[in-house]
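Sequence positions, counted from 1, serve as the residue numbers for this chain.
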Amino acid sequence: MKDRRKLPRKLVKLCIVIRHPTLGQIVGHARNMSESGVFLDVYQPGVFECGQIVGANIIDCGGIDIDPLLSMEVVRVELSGIALKFVEVSEEIVQLKALSACCIESRRQLNELSPADGDT
């Protein structure tokens, strides 16, 4: 099958908190991301509907929000997760998302290089 994507995807390992209108907060794990959206692995994708608008925050491993609340539209629901499209994507948001991903990856690399507790 031919790839019909307009923008390239990057494999990422990010946690994203979805603000669901009836279920509250749902944590998903981003599988890939582009400038237009993200695919999230979520536990119960069936609770989402195409066309639904949800809020989302990218969070770091410590649970701290590093992005402002983003408005996203559910564009596809699969057994393993959901595809979300950024609504009202501005250049500032694109740059902020890229910076967030770089910060998280840098922090993860630093943690891998740090000696374990008691190894010092």
Side-chain angles (χ1 to χ4, degrees):
M1 181 190 324
K2 184 179 177 187
D3 189 354
R4 300 179 305 178
R5 296 175 175 160
K6 295 177 184 174
L7 296 168
R9 303 297 194 263
K10 292 192 179 201
L11 297 178
V12 294
K13 291 185 179 180
L14 300 171
C15 290
I16 297 181
V17 176
I18 300 295
R19 315 295 189 206
H20 190 276
T22 56
L23 298 177
Q25 295 185 4
I26 297 172
V27 177
H29 300 280
R31 185 185 301 175
N32 62 54
M33 180 183 263
S34 74
E35 290 182 16
S36 63
V38 62
F39 187 90
L40 289 182
D41 292 320
V42 294
Y43 179 65
Q44 294 178 311
V47 300
F48 295 94
E49 297 176 10
C50 287
Q52 186 175 40
I53 303 296
V54 295
N57 287 95
I58 297 174
I59 58 173
D60 72 4
C61 296
I64 299 170
D65 290 350
I66 56 175
D67 260 359
L69 184 65
L70 302 171
S71 182
M72 304 191 81
E73 178 183 354
V74 178
V75 293
R76 191 173 71 250
V77 178
E78 297 181 1
L79 291 176
S80 63
I82 57 174
L84 299 168
K85 175 177 76 170
F86 297 112
V87 178
E88 299 180 24
V89 177
S90 67
E91 185 61 30
E92 292 81 13
I93 293 295
V94 169
Q95 291 173 356
L96 184 58
K97 289 193 300 272
L99 178 61
S100 297
C102 289
C103 289
I104 289 171
E105 185 58 31
S106 296
R107 187 176 294 163
R108 187 171 287 129
Q109 289 173 355
L110 284 174
N111 288 339
E112 289 173 1
L113 294 174
S114 298
D117 290 339
D119 289 348
T120 55

Novice: Does L70 share a hydrophobic cluster with M33, counting links as ILVMFWY side-chain heavy atoms below 4.5 Å and allowing steps through other members?
Specialist: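 They do share one cluster, since a chain of ILVMFWY contacts under 4.5 Å joins L70 to M33.
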Novice: Once you round to the nearest 0.5 Å, how far does CG of D41 lie from CZ of R31?
Specialist: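 Reported to 0.5 Å precision, the distance equals 4.0 Å.
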Novice: Applying the side chain to side chain contact (heavy atoms under 4.5 Å, CB included) test to I18, which of V47, V27, L84 qualifies?
Specialist: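 With I18 as partner, side chain to side chain contact (heavy atoms under 4.5 Å, CB included) holds for just one option, L84.
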Novice: If you look at every heavy atom in C50 and V77, which pair is closest and at what distance?
Specialist: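 Shortest heavy-atom separation between C50 and V77 comes out as SG-N, 4.2 Å.
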Novice: Where is the tightest heavy-atom contact between L40 and G28, given as atom of each residue plus distance?
Specialist: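 Scanning both residues, the minimum pair turns out to be CD2-C, 4.2 Å.
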Novice: What about V38 and V74, same hydrophobic cluster or not, with Ile/Leu/Val/Met/Phe/Trp/Tyr joined at side-chain heavy-atom distances under 4.5 Å?
Specialist: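 As far as the 4.5 Å side-chain criterion goes, V74 and V38 are connected within one cluster.
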Novice: side-chain contact (heavy atoms from CB on, under 4.5 Å), that's the test. Do Q25 and R19 meet it? Break it down for me.
Specialist: CA-CA 5 Å; Q25 295 185 4; R19 315 295 189 206; 2.9 Å; yes
Novice: So which atom in G51 and which in E73 form the shortest heavy-atom distance, rounded to 0.1 Å?
Specialist: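 Looking at all heavy atoms of both residues, the shortest contact is CA-OE2, 3.7 Å.
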Novice: Which atom names give the shortest non-hydrogen contact between F86 and E35, and what distance separates them?
Specialist: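 For F86 and E35, the tightest heavy-atom pair comes out as CD1-O, 3.6 Å.
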Novice: I58 and V54: same hydrophobic cluster, using ILVMFWY side-chain contacts below 4.5 Å?
Specialist: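 Yes, it is one cluster - the side chains of I58 and V54 are joined through contacts under 4.5 Å.
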Novice: Below 4.5 Å, heavy atoms only, C-beta onward: do I26 and F48 meet side chain to side chain?
Specialist: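 The answer is yes, as the side chains (C-beta and beyond) meet within the 4.5 Å cut-off.
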